Amino acid sequence: MKTYDIPTEQWAQVVEAPGGPAVYKKIPVPSPGPDEVLINVKYSGVCHTDLHAMKGDWPIPTKIPLVGGHEGAGIVVKKGSLVADDIKLGDAAGIKWLNGSCLSCSFCQQSDEPLCQSALLSGYTVDGSFQQYAIAKAAHIARIPEGVDLEEVAPVLCAGITVYKGLKESGVRPGQWVAVVGAGGGLGSMAVQYAKAMGVHVIGIDGGSEKGESVKKLGGSAYVDFMASKDLVEEVKAATPDGLGPHAVLLLAVSEKPFQQATEYVRSRGAVVCIGLPAGAYLKAPVFDTVLRMITIKGSYVGNRQDTAEALDFFQRGLIKVPYKTVGLSQLGEVYQMMEESKIVGRYVVDTSK
Ligand code: NAD
Ligand code: ZN
């Protein structure tokens, strides 16, 4: 069996107080417990959730000090004594949002692990992937198939899994239409590609022409610019062949307004799936329309281990190609700045060696 020389210190981005910033510094390399593995993280995607975590703008507090990050792709370099033989040193593996769960509560037993009351969350309640060596519960690591490019696959580990699950939760079927709100961002770009791979037509909604070009390039059938549109609801409905609106809406934007608007353009009998988590936001929908048009409104939260394997399988088959840019881990602050200003098309990935 391979062995790895593991250093005692490593580079990391550490949030030292709620509100941030993240500080690039050296910290000790952690040691895995009996049911855990240590992953040498090579690349990590940067999710908008990491920015929420640093700002502390959600109702659940994070650990402090905190190493963020939950789209970490790397290599297993050490494992605890209880970890089964099917995980070997040298295997490619991913740190995802769900770092661990109890595996015995009624949710875990039914494969709803994200709903486990004692779930551990990477880059939120436990340290995540913005460091060179990160720990995860062996049962929950993403098994990255051999030969897959670690840099390119990193964003699948949250963005990909989450939108793939959201599309399944929406009930949309091949040949039908989905509106993706926030289609130029990290989750949105993935959603356009997964929907296309599932045979679903996409109407992308986001702001600005650069994001519009990206949506079209990724296979979207139509693009509605929320900043330029005079009547967004009518434009979205008009983008479907019969003018009755999309069968499903995936809400991925980090602002409240689209959450108030989606039931106006979703098709009767359609589903509005909430995935984005704008701070302090509320949903609003007219009861009358919701009833008479039989609209479903629901939430969708990451994915379970099976969703992870399926999302990775789509990627391995070459069906998921999303624009990304790579910078050094030391430049995380610049990525957060661009994210805050909605300037990112696709995803940023950080290289933990720089
Ligand atoms: P991102 O910043 O990459 O993308 C957000 C996109 O929304 C941007 O392109 C922005 O221009 C667009 N946008 C803003 N206002 C809009 C509007 N009014 N209409 C249409 N588009 C608009 O962020 P991301 O990494 O894709 O994350 C999106 C959200 O999803 C975050 O709140 C994140 O925390 C959340 N998230 C949820 C889950 C889950 O399991 N439910 C998982 C991962 C991320
Ligand atoms: Zn995420």
Side-chain angles (χ1 to χ4, degrees), residues 44-55 57-58 68-72 94-99 113-115 119 121-124 128-130 154-166 169 179-192 203-212 214-215 223-229 232-233 235-236 249-262 265 273-281 298-304 307-308 311 322-325 335-349:
S44 180
V46 183
C47 179
H48 208 114
T49 293
D50 301 313
L51 180 58
H52 292 296
M54 184 185 76
K55 290 178 12 186
D57 64 14
W58 285 349
H70 57 275
E71 287 183 349
I95 301 267
K96 52 188 183 55
W97 176 248
L98 208 68
N99 189 282
E113 304 121 33
L115 305 182
L121 310 175
S122 305
Y124 208 91
S129 55
F130 295 152
V156 172
L157 297 169
C158 173
I161 295 166
T162 300
V163 301
Y164 172 65
K165 175 70 158 191
E169 288 286 319
V180 175
V181 186
L187 267 63
S189 303
M190 283 281 174
V192 177
I203 304 164
I205 306 173
D206 208 311
S209 56
E210 206 191 340
K211 294 193 175 169
S214 172
V215 167
Y223 177 66
V224 178
D225 185 335
F226 80 91
M227 298 197 292
S229 175
L232 184 133
V233 170
E235 258 192 75
V236 173
V249 183
L250 291 197
L251 286 164
L252 311 170
V254 193
S255 75
E256 188 174 21
K257 178 144 189 232
F259 286 75
Q260 319 280 15
Q261 223 171 20
Y265 56 72
V273 183
C274 304
I275 294 174
L277 290 158
K298 66 195 305 195
S300 186
Y301 179 41
V302 289
N304 63 18
D307 301 314
T308 302
V322 158
Y324 68 92
K325 287 197 180 117
V335 179
Y336 282 156
Q337 186 61 38
M338 286 182 280
M339 188 173 263
E340 188 79 79
E341 294 164 8
S342 289
K343 283 194 179 142
I344 299 177
V345 179
R347 233 347 167 225
Y348 265 79
V349 170

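Just so you know, ligand 1 is whichever comes first in the structure, and atom 1 is the first atom listed for that ligand. For clarity, every value in this text was computed on a predicted model and none was experimentally measured.
- For ligand 1 and Cys158, the ligand atoms under 4.0 Å from any heavy atom of the residue are 42 (C), 43 (C).
- Ligand 1 places these atoms under 4.0 Å from at least one heavy atom of Val302: 39 (C), 40 (O).
- Partners of Ser122 according to the side-chain contact (heavy atoms from CB on, under 4.5 Å) rule, which considers only residues two or more places apart in sequence or in another chain, are His70, Ile95, Asn99.
- With a 4.0 Å heavy-atom cut-off, ligand 1 is reached by no atom of Ala159.
- Counting heavy atoms from C-beta outward, Met339 and Val254 have side chains that stay 4.5 Å or more apart.
- Listed by number with element, the atoms of ligand 1 under 4.0 Å from a non-hydrogen atom of Ser300 are 39 (C), 40 (O), 41 (N).
- Given atom 4 (O) of ligand 1, the protein heavy atom at minimum distance is Gly185 CA, 3.5 Å.
- Side-chain atoms of Tyr164 and Val156, non-hydrogen and from C-beta on, never get closer than 4.5 Å to each other.
- With atom 1 (P) of ligand 1 as the reference point, the heavy atom nearest to it among Glu210, Met338, Arg347, His48 is part of His48.
- When the heavy-atom distances from atom 19 (N) of ligand 1 to Trp58, Phe226, Trp97 are ranked, the shortest goes to Phe226.
- The main-chain N or O of Gly69 is found under 3.5 Å from a side-chain atom of Asp50 such that the two form a donor-acceptor pair.
- Protein-derived N/O/S atoms nearer than 2.8 Å to the Zn ion (ligand 2) total 3, waters excluded.
- The distance from the NE2 atom of His48 to the CD atom of Glu340 is 6.5 Å, given to the nearest 0.5 Å.
- Checking only distances, Gly186 does come within under 3.5 Å of ligand 1, N or O to N or O.
- When Leu251, Ile161, Asp206 are checked for heavy-atom proximity to atom 9 (O) of ligand 1, Asp206 turns out nearest.
- Proximity to Val254 (heavy-atom distance under 4.0 Å) selects the following atoms of ligand 1: 28 (C), 29 (C), 31 (C), 32 (O).
- Each of the following atoms of ligand 1 lies closer than 4.0 Å to a heavy atom of Leu252: 28 (C), 29 (C).
- With respect to atom 34 (O) of ligand 1, the closest heavy atom belonging to the protein is Thr49 OG1, 2.7 Å.
- Remark: ligand 1 and Lys211 share an N or O pair separated by less than 3.5 Å (distance only, no angle test).
- At a 4.0 Å cut-off, not a single heavy atom of Lys257 sits close enough to ligand 1 to count as contact.
- Heavy-atom proximity to Tyr301, at under 4.0 Å, picks out these atoms of ligand 1: 40 (O), 41 (N).
- Residue Val181 places no N or O, backbone or side chain, under 3.5 Å from any N or O of ligand 1.
- Considering only non-hydrogen protein atoms, atom 37 (C) of ligand 1 sits nearest to Ile275 O, 3.0 Å.
- Residue Lys343 holds its NZ atom at 11.0 Å from CD of Glu210, rounded to the nearest 0.5 Å.
- Contact check for Leu98 versus Leu121: side-chain heavy atoms found under the 4.5 Å cut-off.
- In this structure, of Gly182, Gly188, Ser342, Ala183, the residue bringing a heavy atom nearest to atom 21 (N) of ligand 1 is Gly182.
- With respect to atom 18 (N) of ligand 1, the closest heavy atom belonging to the protein is Ser255 OG, 3.3 Å.
- Ser300 meets the side-chain contact (heavy atoms from CB on, under 4.5 Å) test with Lys165, Glu169, Val273, Ile275; sequence neighbours excluded.
- Put simply, the side chain of Glu71 never gets that close to the backbone of Cys47: no donor and acceptor are under 3.5 Å apart.
- Remark: distances from the non-hydrogen atoms of Gly207 to ligand 1 are all 4.0 Å or more.
- Of all the atoms in ligand 1, the ones that sit under 4.0 Å from a non-hydrogen atom of Ile205 are 20 (C), 21 (N).
- For the pair Thr162/Val302, a side-chain contact is recorded, criterion being any heavy-atom separation below 4.5 Å from C-beta on.
- Here Gln260 pairs with Glu256, Lys284 under the side-chain contact (heavy atoms from CB on, under 4.5 Å) rule; sequence neighbours left out.
- Trp97 and Tyr124 are not linked by any side-chain donor-acceptor pair at a separation below 3.5 angstrom, with hydrogens and angles left out of the test.
- Contacts between Ala253 and ligand 1, counted as non-hydrogen atom pairs separated by less than 4.0 Å, involve both the backbone and the side chain.
- In this structure, the side chain of Tyr223 does not engage the main chain of Ser209 through any donor-acceptor pair within 3.5 Å.
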